Enquirer: 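This is the structure I want to talk about, given as C-alpha cells.
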Amino acid sequence: MLDLPGVVWDRTQESLRQGADAVGMTERAGPSHARVFAVANQKGGVGKTTATVNLSACFAEKGIKTLIVDLDPQANATTGVGLDPRALEGSIYDVLLQDLELEEIIEPTMIKGLHIAPSNLDLAGAEIELVPAFSREQRLRDSLSGAVTEYDLIMIDCPPSLGLLTINGLTAADEVIVPIQTEYFALEGLTQLVKNIELVQRSLNPDLELTKLILTMYDARTNLSRDVAREVRTHYGDKVCWQVVPRTVRLSEAPSFGQPIILYDPSSKGARAFRDLAKEVLRGAS
C-alpha cells in the first residue's frame, strides 16, 4: 500500500484501505450525469488554476453549462472569474464542513452558462477539520449529487498539495487533468500524483481515470520547453494534449482583471490556444 505524505495523509491512508465498501454505498448517477474533471498537480505555479478557469470559460462559450468548484484556499479561481472572496456569503468551506447545500453558494460569472462554487480563506483550515469528519473523503462527491444533473461539465480546481481537499476532488471526479509546466523538474512529483490517483481509484472511486496532461507556460523559442514536452510525451503518450498553453503576457495579466482570457483578449494567442485545447479535451472525453 502506498504511503502518502504528511500527517493528515497517514490518517487518510487508513480510510482509503477501507474505502472499497464506501464506494458501493454511493452509486453514480445515470445518463444525465455531468462530466466531472479534477484539475490537479501538487506542484504550485504550474498553471493549474489558469487551465481550470480558461477551459471552463471556453466550454461555456460553446454552450456547455459548466460549474467550477474552487477547492483551493487561495481562491484564485474565484478571483479569476471576477468574484471577491472576502465578500462571499458562503463558500465551498461551508458546504464541506457546515453542511450548507451546494446550490446555496453557487455564483454566476460574467460568462453565460459558467458558474462557480467559490472558495475563500476559511478553507485553509479544512485539511485539519476534515480529519475527524464522517466520510471525510467523500464530502465533495456527496455535495455534488444535485449539481451533476444541473450541469454538463464540472471542473474541480484542486489545491497544490496531496491532502484531504485533493482527495475529495479526486473522489468526486470522473477524470483527472494534470497541467505540467514545461520547465526544469516538470515530472517532479508527477509519479507520486499518479500513484495516488491509482490509490483513490482502487479504494474510493473506481471510475476515476487520468485522461489528459496539459503542457503549460510553453515557450517555443527555447530548447528547454521543447525538450520537456518531448520527455513528457515519451512518458505519457496520447494522454498529453497536443495543444500547449503558451507563456504570454496577456494570459498572465487576465487574472488580475478578474477575467478569463477569452474576455480579456479574445483574439490573443492564449485565447486561441485555450479554445483549441477545450476542443481537444472534449474530444478525449469518453
Side-chain angles (χ1 to χ4, degrees), residues 35 37-41 43 45-68 70 76-83 108-116 151-157 175-183 186 211-233 236-286:
R35 299 208 59 80
F37 294 89
V39 185
N41 192 326
K43 283 177 62 65
V46 299
K48 177 179 55 61
T49 298
T50 297
T52 302
V53 168
N54 288 294
L55 281 174
S56 297
C58 291
F59 295 148
E61 184 183 47
K62 294 170 70 68
I64 299 169
K65 190 174 182 183
T66 303
L67 173 67
I68 298 172
D70 190 352
N76 290 333
T78 300
T79 59
V81 294
L83 297 182
T109 72
M110 59 195 77
I111 296 179
K112 181 181 179 181
L114 178 61
H115 297 80
I116 187 168
Y151 292 89
D152 302 313
L153 279 172
I154 298 175
M155 298 284 286
I156 304 171
D157 187 31
E175 304 182 42
V176 186
I177 297 173
V178 180
I180 301 175
Q181 188 178 12
T182 51
E183 295 189 356
T211 55
K212 290 297 179 184
L213 289 86
I214 298 173
L215 298 169
T216 65
M217 305 180 189
Y218 185 85
D219 188 345
R221 299 170 300 178
T222 67
N223 289 331
L224 177 60
S225 283
R226 293 193 294 270
D227 290 345
V228 170
R230 188 181 307 112
E231 182 180 7
V232 173
R233 295 190 194 282
Y236 292 96
D238 292 341
K239 290 184 183 295
V240 185
C241 292
W242 283 106
Q243 176 61 58
V244 300
V245 178
R247 182 186 292 276
T248 71
V249 173
R250 303 297 278 174
L251 197 54
S252 300
E253 289 175 344
S256 64
F257 289 86
Q259 296 180 352
I261 189 62
I262 62 170
L263 289 185
Y264 181 66
D265 192 344
S267 62
S268 66
K269 184 177 180 181
R272 295 195 302 270
F274 269 108
R275 286 189 176 106
D276 288 343
L277 186 60
K279 294 176 184 176
E280 189 172 352
V281 170
L282 291 175
R283 284 198 303 269
S286 57

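Just so it is clear, the model here is predicted, and its values are computed rather than measured. Because only heavy atoms are used, hydrogens play no part in the values below, and waters and symmetry mates are left out as well, while side chains stay in.
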Enquirer: Kindly indicate whether the side chain of Ile68, heavy atoms from C-beta on, has any atom under 4.5 Å from the side chain of Val81.
Expert: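 Side chain of Ile68 against side chain of Val81, heavy atoms only: contact under 4.5 Å found.
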Enquirer: Test side-chain contact (heavy atoms from CB on, under 4.5 Å) on Phe274 and Thr50; report intermediate values, then the result.
Expert: CA-CA 10 Å; Phe274 269 108; Thr50 297; 4.0 Å; yes
Enquirer: Going by side-chain hydrogen bond (donor to acceptor under 3.5 Å, both in side chains), name the pairs with one or both residues in residues 248-258, residues two or more places apart or in two chains.
Expert: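 Sorted pair list: Arg250-Glu253, Arg250-Tyr264, Arg250-Asp265, Glu253-Tyr264.
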Enquirer: Any side-chain heavy atom of Val281 within less than 4.5 Å of one from Ile177?
Expert: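 Yes, close enough: below the 4.5 Å cut-off.
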Enquirer: Ser225 and Tyr218: which non-hydrogen atoms are nearest, and at how many Å?
Expert: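 Heavy atoms of Ser225 and Tyr218 come nearest at O-CE1, 3.5 Å.
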Enquirer: Find the distance between SG (Cys58) and CD1 (Ile111) and round it off to the nearest 0.5 Å.
Expert: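 Reported value, rounded in 0.5 Å steps: 8.0 Å.
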Enquirer: Sequence neighbours excluded, which residues qualify as side-chain contact (heavy atoms from CB on, under 4.5 Å) partners of Arg272?
Expert: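 Here the qualifying residues are Lys269.
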Enquirer: How long is the gap from CD on Gln243 to NZ on Lys279, to the nearest 0.5 Å?
Expert: 10.0 Å
Enquirer: Hey, what do you get for CZ (Arg233) to CG (Asp238), rounding to the nearest 0.5 Å?
Expert: 10.0 Å
Enquirer: With rounding to the nearest 0.5 Å, note down the distance linking CZ in Phe37 to OG1 in Thr211.
Expert: 6.0 Å
Enquirer: Looking at Met155 and Val39, what are the two nearest heavy atoms and their distance?
Expert: CE-CG2, 3.8 Å
Enquirer: Do Ser268 and Leu251 come within less than 4.5 Å of each other through their side chains, counting heavy atoms only?
Expert: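 The answer is no, as the side chains (C-beta and beyond) never meet within the 4.5 Å cut-off.
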Enquirer: With sequence neighbours left out, write down each residue that passes side-chain hydrogen bond (donor to acceptor under 3.5 Å, both in side chains) with Asp157, or none if nothing qualifies.
Expert: Lys48, Thr49, Thr52
Enquirer: One thing to verify: whether Glu183 and Arg247 come together as a salt bridge, which I'm taking to mean a side-chain N less than 4.0 angstrom from a carboxylate O.
Expert: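 Between Glu183 and Arg247 there is a salt bridge, with a charged N closer than 4.0 Å to a carboxylate O.
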Enquirer: I need the Leu55 CG to Thr66 OG1 distance, nearest 0.5 Å.
Expert: 10.0 Å
Enquirer: Is there side-chain contact between Leu153 and Leu282, with at least one heavy-atom pair below 4.5 Å?
Expert: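 Yes; the side chains approach each other to less than 4.5 Å.
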Enquirer: Going from CG on Asn54 to CD on Gln259, what distance comes out if it is rounded to the nearest 0.5 angstrom?
Expert: 11.0 Å
Enquirer: Provide the closest heavy-atom pair for Pro260 versus Val53 in the form atom of the first, atom of the second, distance.
Expert: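 Pro260 and Val53 have their closest heavy atoms at CG-CG1, 4.1 Å.
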Enquirer: Less than 4.5 Å apart, side chain to side chain, heavy atoms only: is that true for Thr182 and Asp219?
Expert: no
Enquirer: Search all heavy atoms of Thr216 against all heavy atoms of Val46 and return the closest pair with its distance.
Expert: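 Between these two residues, the closest heavy atoms are OG1-O, 2.6 Å.
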Enquirer: Hey, are the side chains of Met217 and Pro179 touching, using non-hydrogen atoms and a 4.5 Å cut-off?
Expert: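 Side chain of Met217 against side chain of Pro179, heavy atoms only: no contact under 4.5 Å found.
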Enquirer: Minimum heavy-atom separation for Asp152 to Gly63, with atom names?
Expert: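 Shortest heavy-atom separation between Asp152 and Gly63 comes out as OD2-O, 4.3 Å.
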Enquirer: Could you check if a side-chain atom of Pro255 sits within less than 4.5 angstrom of a side-chain atom of Asn76, using non-hydrogen atoms only?
Expert: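 Sidechains of Asn76 and Pro255: no contact.
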